[in-house]
Amino acid sequence: MPELPEVETTRRGLLKILPGKKILRAEIHTEKLRLPIPPEISAAIKSAHVTDITRRAKYMIWRLSNGRDLLVHLGMSGRFRHSAKKDFEKTKHDHFILYLSDNTVLAYHDPRRFGLIDWAKQGTADHSWLGNIGVDPLSRDLNADWLYENLRGRKTTMKAALLDQKMINGLGNIYVSEALFYAGIRPTRIAAKVTKLEAARLVPAIKKVLNAAIKSGGSSLRDYRDVDGQVGFFQERFTVYDRAGEPCRTCATPIRQITQNGRSSYFCSHCQK
DNA sequence: CGGTAGACCTGACCGC
DNA sequence: TGCGGTCAGGTCTACC
């Protein structure tokens, strides 16, 4: 799914579409995503418009003109499709469809239905699932001293530590592998044994990979698309992710793929210690 | 408390 | 062509 760069790309795409346009009709076409889509959303957002969209971790918060906030998460396979009404045809996994006042249609499409569309508590952008979110990796809160202190005392691997949204939010399976490559740290390393110097390398590695991915419009592996149907290009710049057996771009050693906590990790056994 | 399987879903792909 | 197994960008809950 969409990790932070894909959510951010989606958020920016939606901001070009939604504000200033009235929602004429909202249709719900599924029993539930991760949670049921509250049925009253349909009536509540009719005639409203979206005034702003912000992001916390991989969650988007849509501020509505009626004062309410909608929490939107793309799960593993969620994306928005935007098209002229005359060109729109509902497809199998279009679960939430907005008809807008400029004769366009915005559809939330999500085959695996791990996404989320729910109310956030009014005004505070609050939701029970927003309570456990760690620092924003693109903010100054993520710095070398902070990271080193927070890795100390953790017996788990670097892979698991960086995937833990309660420590740093927004990283997922792709960008953890990529960031660890740039920092020269193997995903199997125990977090507590990472040195201060390595932590200092990891901070810019994380920021660099996320910013570069946002600049490229995200990564399109299978089904990720921008709101306008555009694919992202960052997958062309993967150094290790999804490159098992291919030569390291730095030293030509074949990239290794292993399984950690049931998920694939990729690394270069020569460049990463 | 920290850490790790299991659960939730569909679709694509591979080997037989 | 069909079938079973495996894998996929997330993250909550249950259990040790």
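Lettering follows sequence order; numbering is per chain, from 1.
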May I ask you to evaluate whether A:Ser77 reaches the phosphate of B:dG11, defined as a side-chain N or O under 4.0 Å from OP1 or OP2?
no

Does a side-chain N or O of A:Arg263 approach OP1 or OP2 of C:dC7 to a distance below 4.0 Å, or not?
no

Measuring to OP1 and OP2 of B:dT10, would you say a side-chain N or O of A:Arg113 lies under 4.0 angstrom away?
yes

With C1' as the reference atom in both, quote the distance from B:dG11 to C:dC12 in angstrom, rounded to an integer.
23 Å

Is there a side-chain contact between A:His93 and the phosphate of B:dG11, meaning an N or O under 4.0 Å from OP1 or OP2?
yes

Looking only at C:dT13, B:dT4, C:dA8, the nucleotide nearest the A:Trp129 side chain is C:dT13

Between A:Lys159 and A:Ser265, does any side-chain donor sit less than 3.5 Å from a side-chain acceptor?
yes

Could you tell me whether A:Asp226 and A:Arg12 have a side-chain N and a carboxylate O separated by less than 4.0 Å?
no

Under 4.0 angstrom between A:Tyr59 side-chain N/O and C:dC12 OP1 or OP2
yes

Both distances under 3.5 Å, Watson-Crick or G-U wobble: report the partner of B:dC1, or none.
none

Going by an N to O cut-off under 4.0 Å, is there a salt bridge joining A:Arg189 and A:Glu198?
yes

Side-chain N or O of A:Lys58 less than 4.0 angstrom from OP1 or OP2 on C:dG10?
yes

Any side-chain N or O of A:Lys92 under 4.0 Å from OP1/OP2 of B:dG11?
yes

In whole angstroms, how far is the C1' atom of C:dA8 from the CG atom of A:Asp242?
10 Å

Does B:dC9 have a Watson-Crick or wobble partner in any strand here, with both distances under 3.5 angstrom, and which is it?
none

The single option from A:Lys86, A:Lys85, A:His82 passing side chain to side chain donor-acceptor pair (under 3.5 Å) against A:Thr104
A:His82

Give a yes/no on whether any side-chain N or O of A:His73 is located under 4.0 angstrom from OP1 or OP2 of C:dT11.
yes

Looking at A:Thr156, I'd like to know whether one of its side-chain N or O atoms comes within less than 4.0 Å of OP1 or OP2 on B:dG2.
no

Residues A:Lys58 and A:Glu3 bridged, charged N to O under 4.0 Å:
no

OP1 or OP2 of B:dG2 sitting under 4.0 Å from any side-chain N/O of A:Arg154?
no

Categorize A:Ser219 for me: base, sugar-phosphate, or nothing, with a 4.0 angstrom heavy-atom threshold over every strand shown.
base

Length of the line joining A:Phe114:CZ and B:dT10:P, which is rounded to integer Å:
9 Å

Please state whether the phosphate of B:dC9, meaning OP1 or OP2, lies under 4.0 angstrom from any side-chain nitrogen or oxygen of A:Lys32.
yes

Scan A:Tyr241 against the nucleic acid and name what it touches under 4.0 Å (heavy atoms): base, sugar-phosphate only, or nothing.
sugar-phosphate

